[in-house]
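We name chains A, B, ... by the order of the sequence lines, and we start the count at 1 in each one.
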Amino acid sequence: MNAEPNLRDLKQTPLVVRDLTVAYHRKPVVWDVGLSIPEGKLVSVVGPNGAGKSTLLKACLDLIPRSSGEVLIYGEPYAKARKRVGYVPQRESVDWDFPVSALDVVAMGTYGQLGWFRRVNKRSKALAMQALDRVGLADYAHRQISQLSGGQQQRTFLARALVQDADIYFMDEPFAAVDAATERAIVELLKELQSRGKTCLVVHHDLATVPQYFDWTVLLNMRVVASGPTAEVFTPENLHKTYGGKLSLLTEAAEKIAKAR
Amino acid sequence: MFELADIFDVLFLRNYNTRLVVICTMLLGCACGLMGGFLLLRKRSLMGDTLSHATLPGVCLAFIIAVMLGGVGKSLPILMLGATITGVLGCAAVLYIRNHSRIKDDAAMGIVLSVFFGAGVALLTMATKMPAGAAAGLESFIYGKTASMVLTDFWLLTVVTVCVLGLSTLLFKEFRLLCFDEAYAAAQGWPVRRLDVLLLGFVTAVTVAGLQAVGLILIIAFLITPAAAARFWTDQLDRMLLLSALIGGLSGWLGASVSALIPNMPAGALIVLVAAGCFLLSMLFGLERGVVIRGYRQLELKRSVGRQHLLRALYEILEANAVSAEGIQIRAVPFRQVRGRRTWSDAQLRRYLKSAYNEGLIEVIDREDQISLTSAGLEAAAQVTRNHRLWEMYLIEYADVATSRVDRDADAVEHVLGEKMVAILESKLQSYRPVESSAVPVSPHPIHPGD
Amino acid sequence: MEWYAIDTWIVIVGMLAAISCALLGNFLVLRKMSMMGDAISHAVLPGLAIAFLVTGARASLTMFIGAAVVGVLTAVFTQWVSRFGKVDEGASMGIVFTTLFALGLLLIVQAADHVDLDAGCVLYGAIELTPLDVVWRPEFFGTVLDVPRAAIVLLIVCVVNALFVVLFFKELRISSFDAELATTMGFNANIMHYLLMTLVAVTTVAAFEAVGSIIVIAMLIVPAATAHLLTDRLGTMVILSVFIAVFTAALGHVAALCLPGWLGFDPSIIETTSTSGVMAVVAGLVFVAVLFFAPRYGIVTKRLRRLEDVSDLAVSREEADA
C-alpha cells in the first residue's frame, strides 16, 4: 500500500481514503480500505465480483453510509468538494422514458455553473454539443434517450461528465456491455481528460485491457491488495492474491505482460 | 364513562350488533392483510384505492339498468355484481396501460381512479334524479358504514375470506415467484400476466365484499397498513403474510371493540387508527427492519469494529517490539503511539479505550498517558489478530468465493469455515515467513501504520 | 340545449382549475407521484375540521389555510415514512392519508355534532354552484360581469403555478430526471420536492373547494400522461398538457349538458349531470384515443409500424433473392 501524503500535499491529492469500512447487515463489504491517488492518473479499480468496487465508489461520494473511516477529496470532505467531482453511474439508474434528448441530458452537466433560475442558454447548449461531438454522438443530439443504443447511452453520460469540467471523475463500469466503437471512444475520452490534468477512477472488469488503458491500478478484494502504478502492481502474485488461486488464464496473461516489459 | 361490566360485554361479544361488527371486521382484516402483503411486494399498494373508486360506475350502472328493466334498484347482489365488473375492468385497464405504453404504474392507477370515479359521479347524479328509482343514499349503501352491519355481510365476508385464504395458500409459490422476480417467472414459463390478473381478482373480491360493509377509507387502509407493518418484523414471505393477516384482524377487533365501548366513536376511523398505531410501533421497533433495531445494529457494529481495531493495534505494537523468541510480553504503550496507527480521532479512541477498560481488557496508567493490556486483554487481542490474519489468508487463497463467506464478526474463524480449513490456512501463512510458531500466525502482508 | 352566462363561467372556472393542475401534474407523473393528488384530497379533512373547530365558522380563508397546511404535512409525512422506514412510496402515501382522514373523521364526530361539513361537497365539489358566489362586478364596455370568487382564486393559483414552472424549469427537469445528479450540482433535490408538493397541496385545496376532488385528481394526471405519449420534449409536454386540459374542460361542460339527452333520459326531468364527473370522463376518452393512436407511441401505431417493418423485410428479402 502506498504511503500517505503529508498535510501540505493533501490539498493537491485528488483522493485520499483512510480506514474505510462499509458493512451491510453486519457483513463487511469493504474493509479497512486505505488509498491515495496522485493527480492526473487514469486509475482502474479491479477485483472479483462482490469485492466491493461499486461500494467503494459510492462510499466515497456519500451515496451510502460508512461504518468507519474517512474520504478526502483535495483535502476536503466530499460535501465541500462536490464541485470538483464528476460521477458517471451505472446505466440502470435512470428512467429512459423521460422526455429529454441526448443534448438535454448533456446540458444538465452545466446546470451547476448556471446556478438557480438562469435558463439554459446558448453557451450551455454549445458546450453540450461540443461534448457530444467529442464522443461521436453529434448526429444523435436531438434523439430522445430511449432511442439510443446501450453504448450511445453510456457515451451520453460520459459527455455529461465532460461538460461538468470536474477535476476528479468517478466512473462505475463505463465499459460494461458496450460495443467496440463505444469502447474506443471512451478510451480516447479518458486519455484526453488525462492530458488536461484530470484524474479518473474507473471501476473496470476486463483485466486484459487494464495495462493498456490505465496507468494506475487498485486491486480490491474487500480490502486493498495493492495500489500503485500499473506496471508495478499488476503482477501475477498480486492478481493471485486478488482473484484466488485457480485463474490460470489470468496468471498467464499477467506473465506475458511482465515479460513484455 | 364506562364500567367493567361494559368492558366484559364487549369482550365477550354479548351484544349481537357488536358481535357482528367485531367478527366481520376481524375477518376482513385478515383477508385484506393477506392480499395487502402481495400488493406491497408488487409495489401496488394503492391498487385498493383505485379499485374502490372504480366500483362506483358499476354500482350506478347496475342500479340504472335494474330500474330501467323494472326491477328493484337497491338490491345488494345486483349492485355488487356491477361493482365487481367495473372493478375488474379497472384493474385490467391499469395493467393494460402499464404493459403497453410508457405510462408507469402510479400514473395508470391515477388515470383509472379518476376517470372511472368521474364516470361514476356522472352516473350517480343521473341516477339520483331518476323518478322511479329512489336512489337516495345510493352511494352510502355501497360505501357502507361499519357500525351497521347485517348478517348477510357476515356470510359474504366469511365466504370471501375463506376462498381467498384457501386459494392463496394453493397458489402461494406462484404468487411468491411473481412478487419476487417477474422476469424470471416469465422466463421459466409461468403465465405471468394471468397470475397478475388472478391476484388482482382476489383483491377485487375482497375489496367489493368489504367496501359495502366498512367503507372506502377503511378498505384502503386495511389493504396497506397491516402489510407494511408486518414487513418490519421478518424477511420471510410466509411469516410476513401471516403476521399481516394477524395485524389486520387485531386492528379490526380492537378498533371495533373500543368503538362499541365509547360512544360517538366511528368504528371505521378507530380501526384505521389502531392499524396506524401498529404500523408506527412496527416501524420503530420491528425486530428485523425496525428503525431502532437498525440503529442499534449500526452502533453495535461500529463499537465492535472499533474495539477490534484497538486490540489489534495494541497487539501489533507489542509484536513489533518482541523480536526475540520469548514471545509477546505485556508492556505499557503510549497513547500517542496507539493513536498514530489508525485514523481515529482522540475522542473516538478514548471511547473505545473506556469500553475496553470496562470489560477488563486494558489498564490505563494515567500519569504517563499509557495503556497496557491485561492478560485477559492479551488473549482477546491475540484472538482478534489471529482471526484477522486468517481471514486475510482466506481472501487471498479463495478470493473467488471468499466475499460471500467472510464474516469478520465471528468470534472464531472456525465457526464459519470449519477446523480443517483453518488448519490449511494456518499452514499457508507459515509459508510466508517461517518464524517461530506463536499462537498468532504472521501477517500475510507487511503491516503499515494504516492497516 | 340552452347556454347561459352561468355556463360560460362554469367553463372558465373549470379551465382555470384544469390548467393549474395540469401544469404541476407533469412533474408528478414524471416523478412517479401521481397518486399524491388523491392522497392530499382525502388527507385534508382534519385540516378542514381543525380550522372549523378553531374558528367556529365556515370561513373560507381559515379552512383554506388549515387544509393547505395538512396537505403539505401529508407530503412531509409520506417522505418521512418512506425514507426513514424504508417503505414503498405508494404504501407510505396510503398509510399517511388514511390515518389523517380517520383522524379528521374522529375530530369532526367528537367535537361537533352539528357540523355542517358535507362530505359530499368536499369530494364532489359543486362547480355548478360557483358562479353564484359573485364577488366582483366590474364594468367592461357597458356590460356588467359577475365574476365569481372561484374564478379569481383559481386565476391567482394558475398564474403562480405558471410562474413556478417557467422560473424553475431546468431545476424541475434535472431534479425529476436524476435527483442524485441534481444534488451534486447544488440544486437540492429535497427543496424542489417540497416546493412542488406545497404548490400541489395549495392547488388541490383551492381547486377542490370549487370543482371537487375528482376533477383535481383527473387534471393532475390525465392531461400530463396524455401529453407524455405525444412528445419527447419536456417543454412541449407541459404546453400540450395545458391545451388538453383546456379542451377537456370546455368539452366536459358541454357534454354534461347534453349527456342525459343522448342517453335517452327525458330532458325535462334530468337536465344536466355532474360537470366534474363528465370532465373526468372526457379526459379519459382523450387519453384512450391518444393511447391507441398517438403518432409515435400509440399502441395501434406501433403495431402498424411493426407490420410495415415485417413486410419491408419480406420485400427486401425477395429482392435480395431475386
Side-chain angles (χ1 to χ4, degrees), chain B residues 39-40 43-46 48-50 53 97 100-126 129-131 139 217-218 220-221 223-225 227-228 231-232 264-266 268-273 275-276 279 283-284 289-291, chain C residues 29 32-35 37-38 42 81 84-95 98-99 101-103 105-106 109-110 113 120 124 212 214-215 217-222 224-225 228-229 256 259-260 263 265 269-270 272-274 276-281 283-285 287 291 297-299:
Chain B
L39 283 178
L40 180 67
K43 302 206 189 321
R44 286 206 192 116
S45 290
L46 288 171
D49 197 359
T50 307
H53 285 90
I97 294 175
H100 289 99
S101 76
R102 347 146 110 169
I103 307 288
K104 308 281 187 303
D105 264 303
D106 65 307
M109 284 198 278
I111 294 172
V112 168
L113 188 157
S114 53
V115 173
F116 273 58
F117 194 65
V121 168
L123 287 167
L124 183 65
T125 321
M126 287 198 280
K129 290 187 187 158
M130 278 172 78
E139 80 265 22
I217 296 291
L218 182 49
I220 297 174
L223 281 170
I224 304 179
T225 315
R231 188 75 190 83
F232 289 107
N264 236 359
M265 285 275 202
L270 263 179
I271 298 176
V272 171
L273 289 173
F279 173 78
M283 181 168 91
L284 289 173
R289 292 159 64 103
V291 169
Chain C
V29 167
K32 309 202 212 324
M33 307 196 73
S34 308
M35 296 291 265
D38 179 58
H42 284 107
V81 167
F84 200 39
K86 299 202 200 276
V87 181
D88 170 51
E89 275 247 21
S92 314
M93 226 186 268
I95 296 171
T98 50
T99 311
F101 186 89
L103 264 173
L105 207 56
L106 220 62
V109 170
Q110 277 294 289
D113 282 309
Y124 310 147
I214 317 160
I215 289 196
I217 302 166
M219 290 303 158
L220 275 173
I221 308 175
V222 188
H228 190 23
L229 291 174
L259 198 58
L263 288 182
F265 288 104
I269 302 178
I270 306 181
T272 77
T273 178
S274 157
S276 323
V278 176
M279 278 193 197
V281 172
L285 290 173
F287 172 76
L291 179 69
Y297 294 107
I299 294 176

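Ranked by heavy-atom pairs shorter than 4.5 Å toward chain B, the options C:I95, C:I217, C:I299 are led by C:I95. Your options are C:L229, C:L105, C:L220, and the one with the most heavy-atom pairs under 4.5 Å with chain B is C:L229. Taking C:G85, C:A218, C:G284 one by one and counting their heavy-atom pairs under 4.5 Å with chain B, the maximum is reached by C:G85. Taking chain C as the reference chain and counting heavy-atom pairs below 4.5 Å, the highest number among B:L270, B:I224, B:L284 is found for B:I224. The greatest number of non-hydrogen atom pairs below 4.5 Å with chain C, out of B:A276, B:A107, B:A119, is found for B:A107. Note on B:L40, B:I97, B:L39, B:D105: by heavy-atom pairs under 4.5 Å with chain C, the leading option is B:I97. In terms of non-hydrogen atom pairs under 4.5 Å with chain C, the most contact-rich of B:L223, B:I217, B:T225, B:V291 is B:I217.
With a threshold of 4.5 angstrom between heavy atoms, B:F232 approaches chain C through side-chain atoms but not through N, CA, C or O. Interface residue B:M109: backbone and side-chain heavy atoms are both found under 4.5 Å from chain C. For chain B, the nearby part of C:M33 is the backbone; its heavy atoms alone come within less than 4.5 Å.
Counting non-hydrogen atoms of neighbouring residues, nucleotides and ligands closer than 6.0 angstrom, the NZ atom of B:K43 reaches no more than 12 such neighbours.
Here the closest non-hydrogen pair linking C:G94 and B:L46 is CA-CD2, 4.0 Å. When all heavy atoms of C:A280 and B:G118 are compared, the pair lying nearest together is CB-CA, 3.9 Å. Closest approach of C:A225 and B:I103 over heavy atoms only: O-CD1, 3.6 Å. Across all their heavy atoms, C:V278 and B:A122 have their closest contact at CG2-CB, 4.0 Å. Across every non-hydrogen atom of C:V222 and B:S114, the tightest pair is CG2-OG, 3.9 Å.
Put simply, CD1 on C:I221 and CG on B:D106 are 7.5 Å apart, with the number rounded to the nearest 0.5 Å.
Two residues are said to be in side-chain contact when any heavy atoms from C-beta on lie closer than 4.5 Å; B:L273 and C:L106 meet this criterion. A 4.5 Å side-chain heavy-atom check between B:I220 and C:H42 finds every atom pair outside the cut-off. Inter-residue side-chain proximity for B:F279 and C:V87 is flagged as met; some heavy-atom pair is nearer than 4.5 Å. Contact of the C:M35 side chain with the B:T50 side chain is registered, since non-hydrogen atoms from C-beta on lie closer than 4.5 Å. Two residues are said to be in side-chain contact when any heavy atoms from C-beta on lie closer than 4.5 Å; B:S45 and C:D88 meet this criterion. Within the 4.5 Å cutoff, side-chain heavy atoms of B:I111 are placed close to those of C:F287.
For B:R102 (side chain) and C:H228 (main-chain N/O), a donor-acceptor pair under 3.5 Å exists by modelled atom type.
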- Go through C:D38 and B:H53 one step at a time and tell me if the side-chain contact (heavy atoms from CB on, under 4.5 Å) criterion holds. CA-CA 11 Å; C:D38 179 58; B:H53 285 90; 4.1 Å; yes
